[in-house]
Amino acid sequence: MHLRVLGSAAGGGSPQWNCGCANCVGIRSGHALLQARTQASAAVSADGRQWFLLAASPDVRAQIEAFPALHPRRLRDTPIGGVVLNNGDVDACLGLFILREDQPLVVYASEAVERGLREHNALTRTLERRPGQLTWNRLRAGEVVPLVGAAGPSGLTIEAVAVPGTVPLHLKGLAAASPDDNLAIVLRDAHGHSVIYAPTVAAHTPLLEERARTADALVFDGTFFRDDELTSLGLTTRSARDMAHWPLGGPEGSLRWLAQLPCRRKILTHINNTNPILRTGAPERDELTAAGVEVAYDGLEVEL
Ligand code: MLT
Ligand code: MN
Ligand code: ZN
């Protein structure tokens, strides 16, 4: 199985268009210890021919151009067979609308995520201009099913694991919270290798822990280092936990949990532009290194 991180930033990207934090300013000025990141997404393939996007980020167009394996091979074509939506947030789904040029794609989503996109949303009609443009395949927590794309079976299976999250901001007050709002995606190949894509995690669960214990690679929520990362800058009154992101640092942080997992690769993604781990040499970055945890960058590849 091949996995390529297409984008490793949280919603907004880094730099974020309206952000003047130290990291965003540093990236704009070409600081040697910082690099730009697009919004979180990954591509996965068992055979290197048919690829699946894990989340469709608002930056998907640039992400496809940056990875030749996703380029068309004929006049009208794509090696992308499908898109797996881990939640219904704008940064995980907006890319679907960017992929509107009448290309058959299979979309895997939970009921909550599919309804959030298809009900009360006129934009979705651009993805339904003709039958077969998108095929919606339902992800049900706890079910392991073959991952099948527009070009047929992928050679992978997919399992959705419900993880604590939240209703997307734009659905607050419109949709009730549901256990399948937010998923960790477990992919397994025919050789028994597995990878978990979990860019948004409010807390661990026994099932997530069980899956993580047998996974070869875990791509995990690295949004914030501290719970008060945004509130201390005066940017919002919502803490990391209020935003359903488990902060990395401190005695109750995700880093302690990650450190004791046996996975060969533990990689943080969906990293907010304010996060100090983006700086090579920062003490927070050294804590990650000591815990055996990597910081994703756009273009990072995992071969299993
Ligand atoms: C998040 O990761 O917390 C969300 O993407 C926030 C948002 O939808 O802007
Ligand atoms: Mn997000
Ligand atoms: Zn910033």
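Side-chain atoms are counted along with the backbone in the values below, which use heavy atoms only and exclude waters and symmetry mates. In listed order, ligands and their atoms are each counted from 1.
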Next item on the list: Grab the two heavy atoms, one from Leu233 and one from Thr274, that are nearest each other, plus how far apart they are.
Entry: CD1-CG2, 3.7 Å
Next item on the list: Could you tell me whether Arg138 and Glu114 have a side-chain N and a carboxylate O separated by less than 4.0 Å?
Entry: yes
Next item on the list: Take Asp228 and Thr231, measure what side chain to side chain donor-acceptor pair (under 3.5 Å) needs, and give me the verdict at the end.
Entry: CA-CA 5 Å; Asp228 68 351; Thr231 53; 5.1 Å; no
Next item on the list: Please list, by chain and number, the protein residues whose heavy atoms come under 4.0 Å of ligand 1.
Entry: Asp89, Asp91, Leu169, Met243, His245, His270
Next item on the list: Could you go through the side chain to side chain donor-acceptor pair (under 3.5 Å) check for Gln39 and Asp91 one step at a time?
Entry: CA-CA 7 Å; Gln39 293 164 87; Asp91 59 342; over 6 Å; no
Next item on the list: Round to 10° and report the angle made at the Zn ion (ligand 3) by SG of Cys21 and SG of Cys24.
Entry: 110°
Checklist line | With the Zn ion (ligand 3) as the apex, the SG/OD1 angle for Cys19 and Asn273 - to 10° | finding: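 Rounding to the nearest 10 degrees gives 100°.
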Next item on the list: Report the relative orientation of the aromatic rings in Trp51 and His2; use parallel for angles under 30°, tilted for 30 to 60°, perpendicular for over 60°.
Entry: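 Rings of Trp51 and His2: tilted, 30 to 60°.
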Check: Which atom, among the N/O/S set of Asp91, is closest to the Mn ion (ligand 2)?
Finding: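 Of all N, O or S atoms in Asp91, the Mn ion (ligand 2) lies closest to OD2.
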Checklist line | Ring centers of Trp246, Phe224 separated by less than 6.0 Å | finding: no
Item checked: 2.8 Å cut-off met by an N, O or S atom of Asp89 to the Mn ion (ligand 2) ->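 It does not: Asp89 brings no N, O or S atom closer than 2.8 Å to the Mn ion (ligand 2).
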Notebook entry, point to check: Asp47 and Ser45: side chain to side chain donor-acceptor pair (under 3.5 Å), yes or no, with the steps?
Noted result: CA-CA 6 Å; Asp47 57 15; Ser45 176; 3.2 Å; yes
Item checked: Between CD on residue Glu209 and OG1 on residue Thr205, distance to nearest 0.5 Å ->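 Reported value, rounded in 0.5 Å steps: 8.5 Å.
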